[in-house]
Protein chains: 2
Amino acid sequence: MTTPQLTKNQSLVFDVLEKAEGPLSAYTILDKLRDHGFRAPLQVYRALEKLLEYGVVHRLESINSFVACAHPGENCHSHGIVAFAICESCGLVMEFHDHEVDHRLMAWVRGQKFKPEKTTIEIRGLCETCAA
Amino acid sequence: MTTPQLTKNQSLVFDVLEKAEGPLSAYTILDKLRDHGFRAPLQVYRALEKLLEYGVVHRLESINSFVACAHPGENCHSHGIVAFAICESCGLVMEFHDHEVDHRLMAWVRGQKFKPEKTTIEIRGLCETCAA
DNA sequence: ATTGCACACGTTATAGCATAACGCAATTGA
DNA sequence: TCAATTGCGTTATGCTATAACGTGTGCAAT
């Protein structure tokens, strides 16, 4: 799947996320886009919905925030399950993939006849710098 | 670590979760306990905080809900990372552990010198019954 | 016995996250 | 042309979570 041309609002939201140092909440994005005419949360959420669908943005469930995908150019849906390490001190997010983890999880759910749709793996802790 | 004697509020909240068919939100728990004198969200959240600490309740980050641990009697902190499969149709929650997954994830973070504190693995999808 | 501390609890208020419902405008394809 | 789709803006609302303050109780140290 290729990413379609982004609309104006989608581009604005995506740019904010790309330039950000770490994950942002929808309301933080909203604040950053007030000067560009954004007024209501829905403008952000609707753009995010599409960006998530296109695979160029990820949602971090455990902190109710969003990040641009770490793989510019491609989309992430083809990489299998995406995992994140999130620094609770500085907000640094590291994104990674591990096929063996995917296999184990998918093997388990297959054993239960469970049909997976969306998987979340998030490791909260301290990054090297903050742990020192 | 052994679970200390629960207080009245903690017991009430835990009982509600144990008897529930699936995960419950804090506000749903609140509603179920109105007859027992609960009036405010904090009464629920404070009890949940302790129950999470004791390892007898889990928080499902992706759906902002809580479930009683599937291992009555013992606490879950000793089992390594806990993973969940959550049916988006009927709310069924299956809890499981996979040491190989733990090892892979912990090996990865160790390579990054990241210090993990709390890990979330949640697979949303459809259970066997609902997928049929 | 009294003082000081830790802890659970109750209440009010507020902050933070997310969506429902309405209507309008532009685009597309039959 | 007409209907369907999609994006957009606005208002209102609902759901999730915590801050801040005060009360009461049990218990240990002096």
Side-chain angles (χ1 to χ4, degrees), chain A residues 1-17 20 22-54 56-67 86 88 91 118 120 122 124, chain B residues 1-17 20 22-54 56-67 86 88 91 118 120 122 124:
Chain A
M1 188 189 84
T2 180
T3 303
Q5 190 61 33
L6 299 184
T7 68
K8 184 158 178 292
N9 283 4
Q10 289 160 19
S11 294
L12 288 167
V13 169
F14 183 67
D15 287 350
V16 166
L17 282 174
L24 300 178
S25 76
Y27 277 70
T28 302
I29 297 171
L30 174 59
D31 285 339
K32 288 180 182 292
L33 289 175
R34 298 239 181 239
D35 294 344
H36 291 81
F38 274 50
R39 294 272 158 267
L42 228 60
Q43 295 174 279
V44 177
Y45 281 108
R46 288 203 273 230
L48 286 172
E49 186 179 19
K50 288 298 181 184
L51 295 171
L52 290 167
E53 182 184 324
Y54 301 153
V56 296
V57 161
H58 300 293
R59 178 196 185 97
L60 302 176
E61 307 278 2
S62 64
I63 57 173
N64 297 316
S65 295
F66 304 84
V67 282
I86 306 165
E88 294 185 296
K118 177 82 176 70
T120 298
E122 297 177 15
R124 271 116 48 228
Chain B
M1 187 191 82
T2 179
T3 304
Q5 190 60 34
L6 299 184
T7 68
K8 184 158 178 294
N9 284 5
Q10 289 161 18
S11 294
L12 287 167
V13 170
F14 184 67
D15 286 351
V16 166
L17 282 173
L24 300 178
S25 75
Y27 278 72
T28 302
I29 297 170
L30 174 59
D31 286 339
K32 288 180 182 290
L33 289 175
R34 298 243 181 237
D35 294 343
H36 291 81
F38 274 49
R39 293 273 159 269
L42 256 185
Q43 295 173 280
V44 176
Y45 281 108
R46 287 205 273 233
L48 285 172
E49 185 179 20
K50 288 298 180 184
L51 295 171
L52 290 167
E53 182 184 322
Y54 302 153
V56 297
V57 161
H58 299 293
R59 176 193 189 99
L60 302 177
E61 307 278 1
S62 64
I63 57 172
N64 296 316
S65 295
F66 304 84
V67 282
I86 305 166
E88 293 185 298
K118 176 80 176 71
T120 297
E122 297 176 15
R124 271 113 52 229

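Below, chain A is the first sequence line, B the second, and so on; all start at residue 1.
Rounding to whole angstrom units, CG of residue B:L48 and C1' of D:dT18 are separated by 14 Å. For A:L30 and C:dC17, the CG to P distance is 11 Å, given to the nearest whole Å. Between B:E49 atom CD and C:dA8 atom P the separation is 9 Å, expressed in whole Å. Here C:dG16 presents its C1' atom at 15 Å from CG of A:L24, a figure rounded to the nearest Å. For the pair A:H36 NE2 and D:dC8 P, the interatomic distance rounds to 15 Å; values are reported in whole Å. Taking atom CZ of residue B:F38 and atom P of nucleotide C:dT12, one finds them 16 Å apart after rounding to whole Å. Between A:Y45 atom OH and D:dT16 atom P the separation is 13 Å, expressed in whole Å. For A:D31 and C:dA15, the CG to P distance is 14 Å, given to the nearest whole Å.
Rounded to 10 degrees, the angle separating the terminal axes of the helix from C:dA1-D:dT30 to C:dA30-D:dT1 is 30°, with each axis obtained from five end pairs.
In the set D:dG7, D:dG9, C:dG10, the nucleotide with an atom closest to the side chain of A:Y54 is D:dG7. Closest to the B:N64 side chain, of the nucleotides D:dG9, C:dA18, D:dA17, is D:dA17. Set against D:dA17, C:dC9, D:dG9, the side chain of B:F66 has D:dA17 as its closest nucleotide. Closest to the A:R39 side chain, of the nucleotides D:dT10, D:dG9, C:dG10, is D:dT10. Among D:dG7, D:dG9, C:dA18, the nucleotide with an atom closest to any side-chain atom of A:N9 is D:dG9. The nucleotide whose nearest atom lies closest to any side-chain atom of A:L42 is, among C:dT19, D:dG7, C:dA18, C:dT19.
Contact between the side-chain N/O atoms of B:T7 and the OP1/OP2 oxygens of C:dA8 is not found at any separation under 4.0 Å. Listed pair A:K8 / D:dG7 fails the phosphate criterion, with no side-chain N or O lying under 4.0 Å from OP1 or OP2. Taking 4.0 angstrom as the limit, B:Q43 places none of its side-chain polar atoms (N or O) nearer than this to OP1 or OP2 of C:dC9.
At a threshold of 4.5 Å between non-hydrogen side-chain atoms, the residues B:S25 and B:N64 do not count as touching. Proximity of B:P4 to B:Y54: side-chain heavy atoms (C-beta onward) are separated by under 4.5 Å at one or more points.
Atom CD1 of B:I29 and atom CZ of B:F66 lie 6.5 Å apart (nearest 0.5 Å). Taking CG from B:N9 and CG from B:L33, the interatomic distance works out to 8.5 Å, rounded to the nearest 0.5 Å.
No donor-acceptor distance shorter than 3.5 angstrom exists from the side chain of A:T28 to the backbone of A:A26, with no hydrogens or angles considered. Looking at A:Q10, its side chain does come within 3.5 Å of a backbone N or O of A:T7 through a donor-acceptor pair.
Nucleotides of DNA chain C nearest to A:P41 and B:Q10 differ in position, and the one nearer the 5' end is that of B:Q10.
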**OP:** Kindly indicate, with the supporting measurements, whether the criterion side chain to side chain contact (heavy atoms under 4.5 Å, CB included) is fulfilled by A:F38 and A:V13.
**Re:** CA-CA 10 Å; A:F38 274 50; A:V13 169; 4.0 Å; yes

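In this model, no donor atom of one side chain and acceptor atom of the other lie less than 3.5 Å apart for A:T120 and B:E122.
In this pair, B:Y27 lays its aromatic ring flat on the base of D:dT16, centres within 5.5 Å and planes under 30 degrees apart.
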